[in-house]
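In this chain, residues are counted from 1 in sequence order.
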Amino acid sequence: MQNHESTCVVANSPISTRSRMTNYHRMHVPGVTWFFTVNLAERRSRLLVERIDTLREALRYVHARHPFRIEAMAVLPDHLHAVWTLPPGDADYAMRLRLMKSWFSRHIPAGECRRASRIDKGERGIWQRRYWEHMVRDERGLERCVDYVHFNPVKHGHAARTADWPHSTFHRFVAKGWLPADWGVAADYSGSFGERDNPQVSQDP
């Protein structure tokens, strides 16, 4: 499948061209950086925000055993977007995602709908097996991916302003002075990186 490099785009939008107080060099550390989109199996579910504390615990569990840096992340009701940087020499992002998903699933009461294939394998039916990934290759690509992550709740109609969505690292950026609090307000978004024009699709083993 074709891999579109550095294509996290918030295109034709004021937020892609307006002056910002961002210093992405300050937040970025050496190592391979990846953009991910991970979806629930039931796309109408609100499980991720209803169990946001469980998801945070899952991330802490993985991070304590296999460190990584969260450059940006936004959790929506039925999917999440994240930009992670792995330590130098470590490329096993798939293992980290697998552990996050499995820890979360183990701490959610059973009862979700499952296909016969999952029942036969003893699998839960919370997450989609597939996820979308994209290697971030330069600072411009990082900026675009971070912008996409932070603006995504507005794109999906969950908030009128980026600042109104609580489950996002956008608030950390504002606190550090990297973005103004009014960033991403009433923007005219067009773009679909990570959802339809997917650069690369992977699947849990």
Side-chain angles (χ1 to χ4, degrees), residues 1-4 7-8 33-66 68 70-84 86 91-136 145-146 148-159 162 165-170 189 191-205:
M1 184 172 293
Q2 186 177 5
N3 188 1
H4 303 282
T7 52
C8 294
T33 300
W34 294 91
F35 168 92
F36 303 103
T37 298
V38 184
N39 296 316
L40 292 180
E42 175 51 66
R43 292 305 305 270
R44 292 173 293 181
S45 173
R46 295 186 56 84
L47 185 64
L48 293 182
V49 294
E50 291 173 352
R51 298 300 299 265
I52 190 68
D53 290 338
T54 306
L55 182 61
R56 290 189 181 115
E57 287 295 328
L59 287 166
R60 282 193 281 266
Y61 173 85
V62 177
H63 186 271
R65 290 156 179 78
H66 306 282
F68 60 95
I70 298 177
E71 306 287 8
M73 190 163 178
V75 179
L76 282 71
D78 62 356
H79 70 283
L80 63 85
H81 297 290
V83 180
W84 293 356
L86 274 58
D92 202 351
Y93 60 85
M95 173 266 293
R96 288 170 170 83
L97 289 175
R98 185 170 63 252
L99 287 178
M100 178 194 74
K101 292 162 74 173
S102 63
W103 196 98
F104 182 84
S105 296
R106 289 198 305 271
H107 291 81
I108 297 297
E112 73 277 5
C113 294
R114 292 188 295 167
R115 294 181 178 180
S117 60
R118 293 204 179 207
I119 295 173
D120 291 343
K121 295 178 181 179
E123 295 180 359
R124 296 292 301 269
I126 293 177
W127 299 96
Q128 288 187 12
R129 289 196 183 108
R130 291 184 175 183
Y131 56 89
W132 287 262
E133 66 190 41
H134 165 73
M135 181 184 291
V136 181
C145 287
V146 170
Y148 180 89
V149 168
H150 288 157
F151 190 67
N152 204 250
V154 178
K155 174 200 167 186
H156 284 282
H158 296 298
T162 305
W165 188 250
H167 311 304
S168 170
T169 53
F170 173 75
Y189 174 85
S192 57
F193 179 85
E195 296 178 40
R196 288 183 293 275
D197 298 331
N198 303 309
Q200 185 169 326
V201 181
S202 296
Q203 181 168 310
D204 294 332

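With sequence neighbours left out, Phe170 forms a ring pair (Phe, Tyr, Trp, His ring centres under 6.0 Å) with His150, Trp183. Checked against side-chain contact (heavy atoms from CB on, under 4.5 Å), Arg56 has the following partners two or more places apart in sequence or in another chain: Ile52, Asp53, Arg60, His167. Every residue meeting the ring pair (Phe, Tyr, Trp, His ring centres under 6.0 Å) condition with His63, not counting sequence neighbours, appears here in chain and number order: Phe68. Residues satisfying the salt bridge (charged side-chain N to carboxylate O under 4.0 Å, His left out) criterion with Arg65, sequence neighbours excluded, are absent altogether. Under the side chain to side chain donor-acceptor pair (under 3.5 Å) criterion, Glu50 pairs with no residue at all, not counting sequence neighbours.
Between Thr54 and Trp103, some side-chain heavy-atom pair lies under the 4.5 Å cut-off. Inter-residue side-chain proximity for Leu97 and Glu133 is flagged as unmet; no heavy-atom pair is nearer than 4.5 Å. Using a 4.5 Å heavy-atom threshold, the side chains of Asn152 and Lys155 count as touching. Asp92 is not listed as a side-chain neighbour of His66, based on a closest heavy-atom distance of 4.5 Å or more. Between Thr33 and Val83, the closest side-chain pair of non-hydrogen atoms falls below 4.5 Å.
Considering all non-hydrogen atoms of both residues, Leu76 and His158 come closest at CD2-CD2, 3.6 Å. Of all heavy-atom pairs between Val75 and Leu80, the closest is CA-CB, 4.2 Å. When every heavy atom of His81 is checked against every heavy atom of Thr37, the shortest pair comes out as ND1-OG1, 2.8 Å. Considering every non-hydrogen atom in both Val62 and Met100, the closest pair reads CG2-N, 3.5 Å. Closest approach of Leu40 to Pro77, counting heavy atoms only: CD1-O, 3.6 Å. Shown here for Leu86 and Ala91, the closest heavy-atom pair between the two residues is CD2-C, 3.6 Å.
Note: His134 NE2 to Tyr148 OH = 12.0 Å, rounded to the nearest 0.5 Å.
Using modelled atom types, no side-chain atom of Lys101 and backbone atom of Ile126 make a donor-acceptor pair closer than 3.5 Å. Between the side chain of Arg51 and the backbone N or O of Phe104, no donor-acceptor pair lies under 3.5 Å.
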Exercise for the section: I would like to know whether Trp127 and Asn39 meet side-chain contact (heavy atoms from CB on, under 4.5 Å); could you show each step before the answer? Expected result: CA-CA 6 Å; Trp127 299 96; Asn39 296 316; over 6 Å; no

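With Tyr93 as reference, Trp34 is the one residue of Trp34, Trp84, Phe35 to meet the ring-ring contact (aromatic ring centres under 6.0 Å, His included) rule. A side chain to side chain donor-acceptor pair (under 3.5 Å) with Asp78 is found for exactly one of Arg43, Gln128, His156, namely Arg43.
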